[in-house]
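First comes the structure, then the notes that go with it.
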Amino acid sequence: MSDLVIQREEFGDVAVLHIVTNSVDAISAAAIEASATATAMRPITVLDFANVAFINSAGISALLKFVVSSRKAGYKLFAMNVSPHHQKIFKMVEMSRFMPTIEERDLATYRQPV
Amino acid sequence: MPAGEGQLLLWPGPSETLSNEISCRAPEGDGFALALPARKLASEQYGLLTQFYEDYGMQRVLVNIPSNPIFERVVRASADEVGQAVGLSPERIEDLKLAVSEAVNNAIEHGNQRHDAKLVEVTFTLDTEKLEVCVRDEGEGTGTIDFSRRIVEEHNLESGMHRGFGMYLIRALVDDCEVSSSHQGTTLILRLYRKEHP
């Protein structure tokens, strides 16, 4: 799948990976997994779910690649803009233990002034 | 119907033409079927589905898809429309969509082994107390299905075992479910009650 599924933003020690597909499922999983490389990450890596309307177990499996890659690199991984429904699902499978949720404002101190 | 081409059927109801783009026929008895290729489904046609429900008091929606994961999205969109049509809350609709998605993906992957010519049949049936979703594959059957709780665990991360959450999520998100399997295929039935289930 060649469609862009992740848009990367970097500032300082932070990488924000904006998931641009609205469906994190079996179709988008391969492209999402391919993005889960240590080189795409920074010591603080944030997955942004603002555009994500749907996640199923195939999608969760793909997202776990980010967990694995970040742990191997010694980086911290967070989730941002997670809908209440997806927060519920993440808690059910205990994904939130490995990828806690943060707020956009938590990143403010890391952003460089223009 | 050509092999590998899915179909969406709605019934029962009076026999008449609703749209030039969608063929209608009377399959048997007093029934009425509205058929269109699943690959041609577009968002506006789901609106038609809802309209059909309201106009004709339809009790059942049938979606047949080829065993290609892209068509799981067609079923999921149908679940969304049916959930809205029967008045489920937004959170319950999200639960329904996820449970149906897991069941359909399971039927595609493990039931039909992604053989395009084998269909997955999904039937949404509504009665006064519940919405029932039946997902049937044409595979060779399965042994016991494990609905037990699955979570992300340290040792699974290390070993790369990142799958297996689907059946647990289904069990947790619907009010009840049951499975039956034979050499003719596996059927998974999900139920969401319209009122709080005792």
Side-chain angles (χ1 to χ4, degrees), chain A residues 1-3 5 21-34 36-38 47 49 52-77 79 82-101, chain B residues 43 65 67-77 79-80 83 88-110 114 120 146-174:
Chain A
M1 186 173 174
S2 59
D3 292 349
V5 295
T21 178
N22 66 4
S23 187
V24 180
D25 59 8
I27 301 302
S28 58
I32 289 170
E33 286 183 14
T37 61
L47 284 173
F49 291 83
V52 177
F54 182 81
I55 306 172
N56 64 12
S57 67
I60 290 171
S61 298
L63 295 172
L64 283 172
K65 293 292 174 69
F66 286 97
V67 175
V68 172
S69 294
S70 62
R71 285 163 65 94
K72 281 182 179 171
Y75 295 165
K76 291 178 180 175
L77 180 68
V82 184
S83 73
H85 174 74
H86 294 145
Q87 287 188 37
K88 178 178 84 174
I89 302 304
F90 285 173
K91 280 181 185 168
M92 285 170 66
V93 299
E94 299 198 10
M95 179 85 159
S96 42
R97 252 189 331 130
F98 300 92
M99 189 174 67
T101 301
Chain B
S43 57
I65 60 164
S67 295
N68 181 327
I70 191 70
F71 293 112
E72 175 271 320
R73 293 180 174 181
V74 172
V75 182
R76 193 195 315 159
D80 191 7
L88 296 179
S89 69
E91 181 60 23
R92 292 277 278 169
I93 291 173
E94 292 306 312
D95 290 346
L96 169 68
K97 285 161 59 182
L98 179 50
V100 169
S101 169
E102 299 296 346
V104 170
N105 276 335
N106 201 57
I108 291 171
E109 295 281 343
H110 303 297
R114 287 201 184 206
V120 175
D146 184 3
F147 287 99
S148 62
R149 185 163 185 254
R150 293 288 180 88
I151 60 170
V152 181
E153 292 178 288
E154 301 269 352
H155 64 272
N156 288 344
L157 287 174
E158 300 302 324
S159 64
M161 295 284 288
H162 302 154
R163 305 296 300 262
F165 303 110
M167 301 313 287
Y168 157 57
L169 288 173
I170 290 172
R171 172 71 86 188
L173 294 173
V174 301

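As the structure is a computational prediction, the values presented were derived from the model and not from experiment. Convention: sequence-line order gives letters A, B, ...; per-chain numbering from 1.
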| Going from CZ on A:Phe54 to CZ on B:Arg76, what distance comes out if it is rounded to the nearest 0.5 angstrom? |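 Atom-to-atom, A:Phe54:CZ and B:Arg76:CZ are 4.0 Å apart.
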| Point-to-point distance, once rounded to the nearest 0.5 Å, from CD1 of A:Ile27 to CG of B:Asn68 |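 Reported value, rounded in 0.5 Å steps: 6.0 Å.
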Find out whether [X] and [Y] are in side-chain contact, i.e. whether some heavy atom of one side chain is under 4.5 Å from a heavy atom of the other.
{"X": "A:Leu64", "Y": "B:Val152", "value": "yes"}
{"X": "A:Asp25", "Y": "B:Ser101", "value": "no"}
{"X": "A:Met92", "Y": "B:Phe165", "value": "no"}

Heavy-atom pair count under 4.5 Å with chain B, highest-scoring of [options]:
{"options": "A:Ile55, A:Asn56, A:Val93", "value": "A:Val93"}
{"options": "A:Glu94, A:Arg71, A:Met95, A:His85", "value": "A:His85"}
{"options": "A:Ala53, A:Ser23, A:Pro84, A:Ala26", "value": "A:Ser23"}

| request: Go through the structure and list residues passing ring-ring contact (aromatic ring centres under 6.0 Å, His included) with A:Phe66, not counting sequence neighbours. | output: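 Per chain and number, A:Phe66 pairs via ring-ring contact (aromatic ring centres under 6.0 Å, His included) with no residue.
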| said: The criterion is ring-ring contact (aromatic ring centres under 6.0 Å, His included); which residues satisfy it with A:Phe49, sequence neighbours excluded? | reply: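 If we apply the ring-ring contact (aromatic ring centres under 6.0 Å, His included) test to A:Phe49, skipping adjacent residues, the hits are A:Phe90.
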| request: Could you tell me which portion of B:Glu109 (side chain, backbone, both or neither) has an atom closer than 4.5 angstrom to a non-hydrogen atom of chain A? | output: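 Neither the backbone nor the side chain of B:Glu109 comes within 4.5 Å of chain A.
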| field | Carboxylate-amine/guanidinium proximity below 4.0 Å for A:Lys88 and B:Glu94 | value |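 Judged by the 4.0 Å cut-off on N to carboxylate O distance, A:Lys88 and B:Glu94 do not form a salt bridge.
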| task | Tell me, for A:Ser83 versus chain B, whether the close heavy atoms (under 4.5 Å) come from the side chain, the backbone, both or neither. | result |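 When you check distances to chain B, no heavy atom of A:Ser83 falls under 4.5 Å.
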| task | Measure distances from A:Lys72 to the heavy atoms of chain B and classify the residue's part below 4.5 Å as side chain, backbone, both or neither. | result |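 Contact with chain B is absent: no heavy atom of A:Lys72 under 4.5 Å.
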